[in-house]
Enquirer: 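Below: one structure in structure tokens.
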Protein chains: 2
Amino acid sequence: MPQILNNPMELSKKQLEIIAIAKTLFAQNGFDATSVRDIAQRAKINVAMINYYFDSKENLLEIIIKHGIEAYRLDARKYNTETDALLRLEKMVEHYVESKFSDLHLYQILTNEANARKRDSYAVLFKELRRHNIERLREVIEYGVEKGTFRFYDPLLLHTTMIGTFLNFKMNKSVIEEFIDIPKEMTFERYLKVELTKHLKYILKAILTYEH
Amino acid sequence: MPQILNNPMELSKKQLEIIAIAKTLFAQNGFDATSVRDIAQRAKINVAMINYYFDSKENLLEIIIKHGIEAYRLDARKYNTETDALLRLEKMVEHYVESKFSDLHLYQILTNEANARKRDSYAVLFKELRRHNIERLREVIEYGVEKGTFRFYDPLLLHTTMIGTFLNFKMNKSVIEEFIDIPKEMTFERYLKVELTKHLKYILKAILTYEH
DNA sequence: GGCAAAATTAAACAATCGTTTAATTTAAAC
DNA sequence: GTTTAAATTAAACGATTGTTTAATTTTGCC
């Protein structure tokens, strides 16, 4: 008699532990290249427990995504306090990077799987999330235009550049390590976060204030 | 007695046909989610022929990558004819987008697999390619700086933004189709190429001429 | 036409996959 | 302490995986 998962947010400690391990493996090796036995071994549980807890491997992925996706939703209240358009933009970038870094593994899974599995329910969730964030970006741009600080620029294109830069930055760890020597006292992730924030602020300001 | 593949560039018609089909499937579904039987069925050949021609599925992937990766190498002669720094930058972007679009499927495979399989030989090739292209970008930037047209900006970061924007633009087909209505007489790919080129030119010019 | 090499086939291989079963242990409730 | 449900286990399930085998067909050459 398996435990029924009516509410995906009500997860036991053991389930959260399995989720954390599965998330890491899915992000590192991909969904298909990760077997339920890999997960079970790392979590020190019996293989059958995964089906007992999550019904199926596919459903485990769905629960992982549904459980974490809200962390990536831009919250306007986090930056709308700034009245200066440039400062508001900067604050939005900080909030944006912060939210992505809150769960890097999940975001990698989302980008990998949501594109390979366009049919599934979480692809819809991902799309809705993207639409939400593009709208938030549009608001910040239009605010700056009203204030006379910005020229208007397509938020869809800007969002594409932001997401793309973020993902590529994160994926190219090995290349970056080769090109730049990171201060000893800094972790790579910390460095990534600081430099990415700086870079994104710079390019967004440049694009939105560019006189062509 | 299988045919030995001493020179990966000497491929028969049948082999090229298999490669084309495998490339599409690997890009669409991922390497692991594509079975050799899927490939054989689509190519209308016996499953054993894949091992006969390519030794193994893994080796097929390697041959696909090695066979096509050179198309992505930036060739300075394609844009160095321009003496104006801005025009040279624009020409480089055109050449850059053109090269990526010459084989979209392969580029998707590269980004998906080169990150999941850091150990393999083609990951090294991919890294070397990236290094080459970053250096070409650096030259264009420094040329503009010498001419007094540009301010210097880190080519690694710029390259990250270019690649990332490109990949995300390409992956988000469904979102873009929702936001923008594409002229009936235009294919989505064509639209993607035109808009991406325009966008990349704009943001690069903005970043490199930004007065902060 | 005969012959050797290459190409192609169906079938089987062992390994691994996600999942289910049925038995057993643990935990909670009374 | 007994009872009932939940948790956990080892084992097996059928399906699919990449690959190999051994037999057959096709091809190119003299």
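Lettering of chains follows the sequences in order, A, B, ..., and the numbering in each one begins at 1.
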Enquirer: Expressed as a whole number of angstroms, how long is the span from A/Ile45:CD1 to C/dT19:P?
Expert: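 After rounding, the gap between these two atoms is 13 Å.
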Enquirer: Round to the nearest Å and state the distance from A/Glu62 atom CD to C/dG18 atom C1'.
Expert: 17 Å
Enquirer: Treat primed atoms plus P, OP1 and OP2 as sugar-phosphate and everything else as base, then score nucleotides 12-29 of chain D 5' to 3': B for base contact with protein heavy atoms under 4.0 Å, S for sugar-phosphate contact only, - for none.
Expert: B----BBBB---------
Enquirer: B/Lys44 has an atom NZ; how far is it from atom C1' of C/dA7, in whole Å?
Expert: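 B/Lys44 atom NZ is separated from C/dA7 atom C1' by 19 Å.
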Enquirer: Could I get the full list of side-chain contact (heavy atoms from CB on, under 4.5 Å) partners for B/Lys91, not counting sequence neighbours?
Expert: B/Tyr79, B/Glu82
Enquirer: Mind grabbing the angle between the end helix axes of the helix from C/dG1-D/dC30 to C/dC30-D/dG1? Five pairs an end, 10° rounding.
Expert: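 Overall, the helix from C/dG1-D/dC30 to C/dC30-D/dG1 bends by 10° from one end axis to the other.
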Enquirer: Can you list the residues that meet the side-chain contact (heavy atoms from CB on, under 4.5 Å) rule with A/Ser99, with sequence neighbours excluded?
Expert: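 Testing A/Ser99 for side-chain contact (heavy atoms from CB on, under 4.5 Å), a comparison that skips the adjacent residues, returns none.
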Enquirer: Listed by chain and number, what are the ring pair (Phe, Tyr, Trp, His ring centres under 6.0 Å) partners of A/Tyr202, not counting sequence neighbours?
Expert: B/Tyr153, B/Tyr210, B/His212
Enquirer: What residues, two or more places apart in sequence or in another chain, satisfy salt bridge (Lys or Arg N to Asp or Glu O under 4.0 Å) together with B/Lys14?
Expert: none
Enquirer: Just by distance, with hydrogens left out, do B/Thr165 and A/Thr161 show a side-chain donor and acceptor under 3.5 Å apart?
Expert: yes
Enquirer: Return the value, rounded to whole Å, for the distance between atom CE of A/Met49 and atom P of D/dA7.
Expert: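 Answer to the nearest Å: 7 Å.
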Enquirer: Among residues at least two apart in sequence or on other chains, which ones pass side-chain contact (heavy atoms from CB on, under 4.5 Å) with B/Asp181?
Expert: none
Enquirer: Tell me, which pairs form a side-chain hydrogen bond (donor to acceptor under 3.5 Å, both in side chains) where one or both residues lie in residues 183-193 of chain B, sequence neighbours left out?
Expert: B/Glu98-B/Lys193
Enquirer: Of all residues at least two apart in sequence or in a different chain, which pass the ring pair (Phe, Tyr, Trp, His ring centres under 6.0 Å) check with A/Tyr107?
Expert: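 By the ring pair (Phe, Tyr, Trp, His ring centres under 6.0 Å) rule, A/Tyr107 matches A/Tyr72, A/Phe166.
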Enquirer: Once you round it to whole Å, what is the distance between C1' of D/dT8 and CD of A/Gln41?
Expert: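 A/Gln41 atom CD is separated from D/dT8 atom C1' by 17 Å.
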